[in-house]
Amino acid sequence: AFFVKKIKSPTGQKVTVEIRSEFPSVTPYYLRNTGEFAPQQQARSEASRQAFMSALRTDDAVFYVGHSRNGGGPDFYPPKLLPNGHANYAGHYQVLKAGVKDMLSAIKDRGEAPPMLGMMSCLSEAWFGAKLAAASPHTAYLFTQHDKLIGIHEHFNAMVAVMDGMMRFQCGEAMAEQVESVKTDSFVQELLRNTMTKRRPIDLNAKPGVVHD
């Protein structure tokens, strides 16, 4: 889906903003996506992955809303499951780390991450924060410290708040305040981190879920 709009900067300059969204799932159902719709699902997953990696190389702001896969994401495909139906974290995602390797490769190709990068997935600061901060220390990152899917509405709210702030040319502090203002679940923490916010740097030795501010 595409949305294009011209907006005016504080200096009066007209800026064309283009927003694109990708949705990788053919249906909400795992069995259908890996069964009768498997070819379509494979094509859509790959197209979404390619779009995300391309955006990392060229766009001004990129947001991922999905699964961290215990550090193996971002992921755009149906999950790899164990016989008991649980995701195969230890034997697949945490071994291959395909998503984060692709992401860091795209950032390396560009020389830095996009000016704004949001990772709206479980414990994204703990799983990806240190690697991303090392790869591009001056990027403004939007991370979550929440580890449950029930925070998905918070993630969307935080992402929309930041997008709104960018289109209104807000500074980092104002964006951080806006992220905080849309929070309705006290257990969900969305963090906007970069040099503009004057927050403490990410603790590279942190355990998942630990708050450092």
Side-chain angles (χ1 to χ4, degrees), residues 22 24 45 48-77 79-80 87-152 154-159 161-163 172 175-176 179 187-197 199-213:
E22 299 283 342
S45 290
S48 296
R49 188 189 73 84
Q50 292 284 359
F52 180 79
M53 298 307 166
S54 176
L56 288 176
R57 293 181 174 93
T58 61
D59 291 5
D60 296 317
V62 181
F63 298 92
Y64 168 76
V65 182
H67 296 282
S68 290
R69 304 294 192 213
N70 276 25
D75 187 31
F76 304 90
Y77 299 85
K80 300 293 184 182
N88 188 2
Y89 296 122
H92 181 77
Y93 294 108
Q94 290 175 282
V95 174
L96 298 180
K97 296 183 183 288
V100 69
K101 286 179 180 177
D102 284 347
M103 183 166 57
L104 292 173
S105 177
I107 291 172
K108 184 177 180 181
D109 289 344
R110 179 172 179 160
E112 59 184 357
M116 179 72 220
L117 177 56
M119 297 298 294
M120 315 311 293
S121 58
C122 294
L123 292 172
S124 64
E125 184 185 38
W127 292 123
F128 307 117
K131 294 182 177 69
L132 290 172
S136 186
H138 298 296
T139 289
Y141 294 107
L142 181 62
F143 293 122
T144 178
Q145 292 187 330
H146 192 61
D147 64 347
K148 300 296 182 184
L149 191 60
I150 57 171
I152 191 65
E154 305 288 330
H155 302 340
F156 274 113
N157 290 344
M159 181 182 68
V162 170
M163 291 177 66
M175 285 188 195
V179 168
F187 292 101
V188 179
Q189 298 188 50
E190 314 286 4
L191 305 174
L192 181 65
R193 292 183 178 275
N194 79 334
T195 54
M196 291 188 299
T197 64
R199 293 179 182 271
R200 292 176 55 191
I202 296 169
D203 182 356
L204 303 186
N205 298 312
K207 293 182 179 179
V210 176
V211 180
H212 305 291
D213 288 332

Rounded to the nearest 0.5 Å, what separates atom [atom1] in [X] from atom [atom2] in [Y]?
| X | Y | atom1 | atom2 | result |
| --- | --- | --- | --- | --- |
| Ser48 | Met53 | OG | CE | 11.0 Å |
| Leu104 | Lys97 | CG | NZ | 10.5 Å |
| Met159 | Met116 | CE | CE | 11.0 Å |
| His155 | Phe143 | NE2 | CZ | 13.0 Å |
| Met163 | Leu142 | CE | CG | 11.5 Å |
| Lys108 | Ser136 | NZ | OG | 14.5 Å |

Val100 vs Arg69, test: side-chain contact (heavy atoms from CB on, under 4.5 Å). Steps then yes/no.
CA-CA 10 Å; Val100 69; Arg69 304 294 192 213; over 6 Å; no
Quick one: does [X]'s side chain have a donor or acceptor within less than 3.5 Å of a partner on [Y]'s backbone?
| X | Y | result |
| --- | --- | --- |
| Thr139 | Pro114 | yes |
| Ser54 | Gln50 | no |
| Lys101 | Leu96 | yes |
| Thr144 | Met120 | no |
| Tyr93 | Ala98 | no |
| Asp59 | Val62 | no |

Before you tell me yes or no, could you show the steps for Asp109 and Leu56 under side-chain contact (heavy atoms from CB on, under 4.5 Å), namely the whole-Å CA-CA distance, both residues' side-chain angles and the distance that decides it to 0.1 Å?
CA-CA 9 Å; Asp109 289 344; Leu56 288 176; over 6 Å; no
Looking at every heavy atom in both [X] and [Y], which two are closest together, and how far apart are they?
| X | Y | answer |
| --- | --- | --- |
| Leu117 | Ala113 | CD2-CB, 4.5 Å |
| Cys122 | Ser68 | O-OG, 2.7 Å |
| Pro74 | Phe52 | CG-CE2, 3.9 Å |
| Phe63 | Val162 | CZ-CG1, 4.0 Å |

Output, in order, the C-alpha distance, side-chain angles, deciding distance and verdict of side-chain contact (heavy atoms from CB on, under 4.5 Å) for Asp75 and His67.
CA-CA 6 Å; Asp75 187 31; His67 296 282; 5.5 Å; no
So, do Met119 and Trp127 sit near enough that their side-chain heavy atoms are less than 4.5 Å apart?
no
Side chains of Tyr77 and Arg49, heavy atoms from C-beta outward: is any pair under 4.5 Å?
yes
Is the distance between the ring centroids of Phe76 and Tyr64 under 6.0 Å?
yes
